[in-house]
Amino acid sequence: MINYSRFVLKNGLRVLIHEDESTPMAAVNVLYNVGSRDESPDKTGFAHLFEHLMFGGSANIPDFDDPIQLAGGENNAFTNSDITNFYDILPSQNLETALWLESDRMLSLNFSEKVLEVQRKVVLEEFKETCLNQPFGDVWHHIYELAYEVHSYRWPTIGKVPRHVEDATLDDVKRFFFQYYRPNNAILVIAGNVKVPEVMTLVERWFGAIPSGKTVERHLPAEPPQLKLHSRISPSQAPVDALYLAFHTCSRMDKDYYALDLLSDILSNGPSSRLYRRLLKEQQLFSNIDCYISGTMDPGLFIIEGRPSEGVSLEAAEEAIWKELKDLKDNFDNELELQKVKNKAEASLQFSEVNVLNKAINLAFFELMGDADIINREVELYRAVTVGDIKRLACEIFTPENSSNLYYRATPAPSPAAAISQ
């Protein structure tokens with residue numbers, strides 16, 4: 001049981017505090033309710049750009065990293081389609097250092113052409129390294145374009161094209177910051193060897209005077225049901241072929257999410273899972289196969305990816321996957337198979353709760369979902385999943401008309417003789 005206290009400051013900042021005397025550390029997590037889904041189609045990559053800009057100096061602090069390191073701590077951040085999350089972990093007696101740092105960059109960034117240009121170059125270099133110059137690096141550009149027609153999940157977090165970040169102006173950046181990175185659009189969680197009264201005094205001191213922003217109103221277009229197969233073939237510089245099947249599914253907040261998560265485990269979690277055991281070990285059709293869910297706040301994707309073994313065509317590999325999905329839909333009735341993945345999920349949850357930072361991050365996310373206490377009910381939600389739930393979801397999801405298929409065909413490397421002749 002993870003106990004916590006919850007408060008809301010006058011400026012709208014939601015604050016959750018979890019006392020944990022088993023650790024000498026404290027974790028500070030600030031979740032901003034903004035991700036790539038909040039971007040304009042002609043100005044993508046901004047949420048990811050801000051993940052970098054938020055470390056480029058703030059109103060009264062020119063450098064973020066040095067103070068946290070001098071306090072014996074470390075920090076980092078991540079951005080996805082739905083959220084931008086910053087976290088600090090440090091000895092609990094130095095908690096105020098982290099609150100000082102986080103409050104100052106929430107108050108205002110150090111907006112300057114120099115900082116923007118430095119971070120712009122970092123982001124553009126990351127785009128080149130991870131998307132343009134890496135085998136399968138553009139996979140999410142392809143999959144999201146195939147699967148989504150109207151929703152803003154149709155581009156990846158890093159952005160559609162580098163040009164959108166290249167063309168970002170200082171005014172664009174300021175507008176995005178003061179729209180989304182405000183106290184009323186954020187959740188602050190402090191977890192660790194702390195006491196609630198003392199922490200609330202510090203939170204009020206450092207965050208209470210930060211001005212609130214306008215209420216963020218989202219009017220994201222709902223993605224219509226997919227009624228026909230979407231497919232694409234992409235030449236690849238990778239040495240092997242690869243196959244991706246993406247199916248539309250429910251959102252992270254849907255009651256079926258936990259059954260969906262277990263369904264992905266039944267198919268690919270561990271050497272005894274169906275796709276791994278049958279297609280990789282027994283039939284040796286794949287050198288690698290996996291599946292996972294996007295877990296997004298709006299309806300997301302269930303993705304199966306695999307790399308066929310040498311001599312196995314992409315068409316034959318896909319046919320084998322569909323055969324396994326049909327068998328799951330037609331014949332799944334194995335209580336022991338379901339219980340095994342439930343046990344794994346429960347063990348994973350219990351293990352994650354040992355880490356004070358994980359607890360802080362999860363409390364913030366569940367608060368965003370509308371109920372932080374979900375963190376204490378997840379085990380029961382997994383336990384409640386039935387064989388019937390798994391079979392029903394499989395039948396609903398795994399249909400050709402609900403699938404977006406991406407083939408990567410490897411481009412053969414030139415022979416040594418051809419290379420010499422060139």
Engineer: Taking the side chain as C-beta and beyond, is there a heavy-atom pair between P41 and R154 under 4.5 Å?
Structural biologist: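 Yes, at least one pair of side-chain atoms sits under 4.5 Å.
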Engineer: Is it true that D172 and K43 make a salt bridge, defined as a side-chain N closer than 4.0 Å to a carboxylate O?
Structural biologist: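 A salt bridge is present here (some side-chain N lies under 4.0 Å from a carboxylate O).
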Engineer: Does E318 form a side chain to side chain donor-acceptor pair (under 3.5 Å) with W322? I'd like the steps, not just the answer.
Structural biologist: CA-CA 6 Å; E318 182 186 351; W322 281 106; 3.0 Å; yes
Engineer: For the residue pair P299 and S251, establish whether any side-chain heavy-atom pair is separated by less than 4.5 Å.
Structural biologist: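 With C-beta onward as the side chain, the pair touches.
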Engineer: Taking the side chain as every heavy atom from C-beta outward, state whether V123 and E51 have any atom pair closer than 4.5 Å.
Structural biologist: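 No, too far: nothing below the 4.5 Å cut-off.
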Engineer: Between E149 and E223, is there a donor-acceptor pair closer than 3.5 Å when you use the side chain of the first and the backbone of the second?
Structural biologist: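 No; zero donor-acceptor contacts below 3.5 Å.
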Engineer: How about CD on Q69, more than 12 heavy atoms from neighbouring residues, nucleotides or ligands closer than 6.0 Å, or not?
Structural biologist: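 More than 12 heavy atoms, drawn from other residues, nucleotides or ligands, come within 6.0 Å of this atom.
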Engineer: Quick check: are there more than 12 heavy atoms from other residues, nucleotides or ligands sitting under 6.0 Å from CD of E129?
Structural biologist: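 It does not: E129 CD has 12 such atoms or fewer within range.
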Engineer: The test is side chain to side chain donor-acceptor pair (under 3.5 Å); show your working for S22 and D20 and say whether it passes.
Structural biologist: CA-CA 6 Å; S22 69; D20 182 356; 2.5 Å; yes
Engineer: Using only atom types and a distance under 3.5 Å, with no angle test, would you say the side chain of E96 pairs donor to acceptor with the backbone of L202?
Structural biologist: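 No, the answer is negative, given that no donor and acceptor are paired below the 3.5 Å cut-off.
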Engineer: Do side-chain atoms of E335 reach the backbone of V387 as a donor and acceptor pair under 3.5 angstrom?
Structural biologist: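 Answer holds: no.
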Engineer: Do you know the tightest heavy-atom contact between L116 and T169?
Structural biologist: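 Where L116 meets T169 most closely, the heavy atoms are CD2-C, 4.0 Å.
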Engineer: Is R274 salt-bridged to E337, going by a charged N under 4.0 Å from an acidic O?
Structural biologist: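 So R274 pairs with E337 through a salt bridge.
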Engineer: Please find the pair of heavy atoms, one from F286 and one from A317, that lie closest to each other, and give the distance.
Structural biologist: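 The pair with the smallest heavy-atom distance is CZ-CB, 3.4 Å.
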Engineer: State the CG-OG distance between L13 and S212, to the nearest 0.5 angstrom.
Structural biologist: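 Answer for the CG-OG pair, L13 versus S212, is 9.5 Å.
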Engineer: Just distance, no hydrogens or angles: give the donor-acceptor pairs under 3.5 Å from side chains in residues 132-140, sequence neighbours left out.
Structural biologist:
from, atom 1, to, atom 2, distance (Å)
N133, ND2, K128, O, 3.2
D138, OD1, Y408, OH, 2.5
D138, OD2, H142, NE2, 3.1

Engineer: Would you say L368 and D82 make side-chain contact, with heavy atoms under 4.5 Å?
Structural biologist: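 The answer is no, as the side chains (C-beta and beyond) never meet within the 4.5 Å cut-off.
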Engineer: Compare every heavy atom of L338 with every heavy atom of V385, then report the nearest pair and how far apart it is.
Structural biologist: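 Scanning both residues, the minimum pair turns out to be O-CD2, 3.7 Å.
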Engineer: With a 3.5 Å distance limit and no angle check, can you tell me whether N376 reaches the backbone of I2 through a side-chain donor-acceptor pair?
Structural biologist: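 It does hold such a pair.
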Engineer: Any sub-3.5 Å donor-acceptor pair from S294's side-chain atoms to L301's backbone N or O?
Structural biologist: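 Side chain of S294 to backbone of L301, a donor-acceptor pair under 3.5 Å: yes, one is there.
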Engineer: Hey, is E166 close enough to R163 for a salt bridge, meaning N to O under 4.0 Å?
Structural biologist: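 No.
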Engineer: Taking the six-membered ring for Trp, are the ring centroids of F127 and H52 within less than 6.0 Å of each other?
Structural biologist: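 Centroid distance F127-H52: not below 6.0 Å, so no.
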Engineer: Do I158 and C131 come within less than 4.5 Å of each other through their side chains, counting heavy atoms only?
Structural biologist: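 Answer yes - side chains close enough.
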Engineer: So Y292 and S264, do their side chains get closer than 4.5 Å, heavy atoms only?
Structural biologist: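 No; the side chains remain at least 4.5 Å from each other.
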Engineer: Which atom pairs, donor and acceptor, lie under 3.5 Å between side-chain atoms of residues 192-200 and protein residues at least two apart or in another chain?
Structural biologist:
from, atom 1, to, atom 2, distance (Å)
N193, ND2, T23, O, 3.1
K195, NZ, E21, OE2, 2.8

Engineer: Verify side-chain contact (heavy atoms from CB on, under 4.5 Å) between I210 and S103, making sure each step is shown before the conclusion.
Structural biologist: CA-CA 8 Å; I210 300 174; S103 66; 4.2 Å; yes
Engineer: When rounded to the nearest 0.5 angstrom, what is the spacing between CZ in F177 and CZ in F50?
Structural biologist: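 Nearest 0.5 Å value for the CZ-CZ distance: 7.0 Å.
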Engineer: Work out which heavy atom in G208 is nearest to a heavy atom in N11; give both atom names and the distance.
Structural biologist: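 Smallest interatomic distance, heavy atoms only, reads O-ND2, 3.7 Å.
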Engineer: Would you please indicate if the ring centroids of F247 and F398 are separated by under 6.0 Å?
Structural biologist: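 They qualify: ring centres under 6.0 Å apart.
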Engineer: Is a donor on one side and an acceptor on the other found under 3.5 Å between the side chain of N343 and the backbone of K340?
Structural biologist: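 No; judged by distance alone, with no hydrogens or angles, the pair does not exist.
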Engineer: Under the ring pair (Phe, Tyr, Trp, His ring centres under 6.0 Å) criterion, do Y153 and H248 qualify, and how do the steps go?
Structural biologist: CA-CA 12 Å; Y153 287 159; H248 287 277; over 10 Å; no
Engineer: With side-chain contact (heavy atoms from CB on, under 4.5 Å) as the criterion, how do M369 and I374 come out once you've worked through the C-alpha distance, each side chain's angles and the decisive distance to 0.1 Å?
Structural biologist: CA-CA 9 Å; M369 285 178 59; I374 294 174; 4.1 Å; yes
Engineer: I'd like to know whether S352 forms a side chain to side chain donor-acceptor pair (under 3.5 Å) with N358, so could you lay out the CA-CA distance, the side-chain angles of the two residues, the decisive distance to 0.1 Å, and finally the verdict.
Structural biologist: CA-CA 6 Å; S352 72; N358 286 347; 5.1 Å; no
Engineer: Evaluate side-chain contact (heavy atoms from CB on, under 4.5 Å) for L263 paired with L328, printing each intermediate quantity in order.
Structural biologist: CA-CA 10 Å; L263 173 57; L328 181 72; 3.4 Å; yes
Engineer: How far does CG of N33 sit from CG of N185, to the nearest 0.5 angstrom?
Structural biologist: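 N33 CG to N185 CG: 4.5 Å, rounded to 0.5 Å.
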Engineer: With rounding to the nearest 0.5 angstrom, report the CG to CD1 distance, L31 to I83.
Structural biologist: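 Here the rounded value is 4.5 Å.
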Engineer: For the residue pair Y32 and F86, does the interplanar ring angle fall in the parallel (under 30°), tilted (30 to 60°) or perpendicular (over 60°) class?
Structural biologist: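 The rings of Y32 and F86 stand perpendicular, inter-plane angle above 60°.
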Engineer: Using side-chain contact (heavy atoms from CB on, under 4.5 Å) as the criterion, point out the one residue from L314, I304, L406 that pairs with L243.
Structural biologist: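 That would be L314.
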Engineer: In terms of relative ring orientation, are F176 and F46 parallel, tilted or perpendicular, with 30° and 60° separating the classes?
Structural biologist: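 Taking F46 first and then F176, their aromatic rings stand perpendicular (interplane angle over 60°).
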Engineer: List the atom of A26, the atom of S92, and the distance in Å for their closest heavy-atom pair.
Structural biologist: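 Residues A26 and S92, closest heavy atoms: CB-CA, 3.8 Å.
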Engineer: Answer yes when R120 and E117 have at least one side-chain N-carboxylate O distance shorter than 4.0 Å, and no when they do not.
Structural biologist: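 Salt bridge flag = yes for E117 with R120.
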Engineer: Rounded to the nearest 0.5 Å, how far does CH2 of W155 lie from OG1 of T44?
Structural biologist: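 Spacing of OG1 (T44) from CH2 (W155) equals 7.0 Å.
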Engineer: More than 12 non-hydrogen atoms from neighbouring residues, nucleotides or ligands closer than 6.0 Å to CD on E310, yes or no?
Structural biologist: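 Not buried by this count: 12 neighbours or fewer within 6.0 Å.
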Engineer: Do H151 side-chain atoms and A222 backbone N/O form a donor-acceptor pair below 3.5 Å?
Structural biologist: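 A pair under 3.5 Å: no.
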Engineer: Please step through side chain to side chain donor-acceptor pair (under 3.5 Å) for the pair S268 and D290, ending with a clear verdict.
Structural biologist: CA-CA 5 Å; S268 75; D290 194 12; 3.1 Å; yes
Engineer: Start with the C-alpha gap between D104 and F64, add the side-chain angles, then the distance that decides, and say whether side-chain contact (heavy atoms from CB on, under 4.5 Å) holds.
Structural biologist: CA-CA 10 Å; D104 202 60; F64 193 91; over 6 Å; no
Engineer: Under a 4.5 Å cut-off applied to non-hydrogen side-chain atoms, are D371 and F366 in contact?
Structural biologist: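 Result no, sub-4.5 Å side-chain heavy-atom pair not found.
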Engineer: Shortest non-hydrogen contact from Q226 to A147?
Structural biologist: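 Closest heavy-atom pair between Q226 and A147: OE1-O, 4.0 Å.
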Engineer: For the atom pair CZ (R37) and CE (M297), what is the distance rounded to the nearest 0.5 Å?
Structural biologist: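 So the gap between those two atoms works out to 6.0 Å.
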Engineer: Applying salt bridge (Lys or Arg N to Asp or Glu O under 4.0 Å), which residue pairs with at least one partner in residues 239-256 are found, sequence neighbours left out?
Structural biologist: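 Every pair satisfying salt bridge (Lys or Arg N to Asp or Glu O under 4.0 Å) with a residue in residues 239-256: R252-E378, D256-R392.
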Engineer: Within a strict 4.5 Å, meaning less than it, do heavy atoms of the I89 and E74 side chains meet?
Structural biologist: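 They are in side-chain contact.
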Engineer: Start with the C-alpha gap between K359 and E353, add the side-chain angles, then the distance that decides, and say whether salt bridge (Lys or Arg N to Asp or Glu O under 4.0 Å) holds.
Structural biologist: CA-CA 6 Å; K359 288 188 280 188; E353 290 176 4; over 6 Å; no
Engineer: Is S112 reaching over with its side chain to a backbone N or O of V115, donor-acceptor style, under 3.5 angstrom?
Structural biologist: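 Checking the backbone N and O of V115 against the side chain of S112, a donor-acceptor pair under 3.5 Å is found.
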